[in-house]
Amino acid sequence: MEKTLTIDGKKVRFKSTGATALRYKAQFKKDYFSEILKLNQLSKLKIDENGHLDVENVDLNAIDFEVFYNISWSLAKTADKSIPDPLTWLDGFDEFPILDIIPEVQDLIVESIQAKKSREWSGQW
């Protein structure tokens with residue numbers, strides 16, 4: 001799955017593939033799926049009737065935003081192998097409105113951990 005967003009006037013592609021989790025681990029030395037669990041508070045984010053992000057019921061102090069920056073970089077790097085290291089990439093933006101970006105890439109994150117169909121394990125390899 002792929003999505004293009006405009007961030008700070010630049011078109012940025014984000015993509016989720018089977019390699020996204022491995023790319024994350026190779027860059028940040030942390031398990032992608034464990035890191036996603038740290039974003040649990042994000043499930044409480046809602047868009048209000050004016051189209052704005054409603055953060056009233058979210059404990060923003062409980063969210064490790066570094067994880068989201070890292071996941072964003074991994075999704076962008078999956079889409080475009082030429083992007084630089086995370087800090088250099090983020091320095092390329094005058095603004096990186098994370099609270100606006102989160103709802104836009106949330107479906108990519110969910111897709112990376114969601115099973116396509118339920119399978120029952122037979123107990124044998």
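Please read all numbers here as calculations on a predicted model, not as lab measurements.
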Exercise. Ring centres of Phe28 and Trp73 under 6.0 Å apart?
Worked result: yes
- prompt: Centres of the Phe96 and Trp89 rings: under 6.0 Å?
  reply: yes
Tightest non-hydrogen contact, residues Ile7 and Glu95, listed as CG2-O, 3.8 Å
To the nearest 0.5 Å, atom OH of Tyr24 lies from atom NZ of Lys77 at 16.0 Å
Lys3 and Leu108 have their tightest heavy-atom pair at CB-CD1, 4.2 Å
Is there side-chain contact between Ile102 and Phe65, with at least one heavy-atom pair below 4.5 Å? yes
- Task: Carefully, step by step, assess Phe14 and Thr4 under the rule side chain to side chain contact (heavy atoms under 4.5 Å, CB included).
- Result: CA-CA 6 Å; Phe14 295 91; Thr4 301; over 6 Å; no
Under 3.5 Å, is there a donor on one side chain and an acceptor on the other for Thr88 and Asp85? yes
With a 4.5 Å heavy-atom cut-off, do Leu5 and Ile101 have their side chains touching? yes
message = Using a 6.0 Å cut-off, check whether atom NZ of Lys11 has over 12 heavy atoms from anything other than its own residue.
response = no
Minimal heavy-atom distance between Gln27 and Pro86, with the atoms involved, is NE2-CD, 3.4 Å
- [ ] Compare all side-chain heavy atoms of Glu35 with those of Lys25 and state whether any distance is below 4.5 angstrom.
- [x] no
Q.
Taking the side chain as everything from C-beta on, heavy atoms only, tell me whether Ser16 gets closer than 4.5 Å to Ile109.
A. no
With sequence neighbours left out, the residues meeting side chain to side chain contact (heavy atoms under 4.5 Å, CB included) with Lys15 are Glu2, Thr17, Thr78, Ala79
Side-chain heavy atoms under 4.5 angstrom apart, residues restricted to Ile, Leu, Val, Met, Phe, Trp, Tyr: same cluster for Ile83 and Leu22?
no
Heavy-atom nearest pair, Ala76 first then Val12, reads CB-CG1, 4.4 Å
* Asked: Side chains of Ile36 and Ile71: closer than 4.5 Å at any heavy-atom pair?
  -> yes
Please say whether the positively charged group of Lys10, taken as NZ for Lys or CZ for Arg, lies over the ring of Phe93, i.e. under 6.0 angstrom from the six-membered ring centre and within 45 degrees of the axis. yes
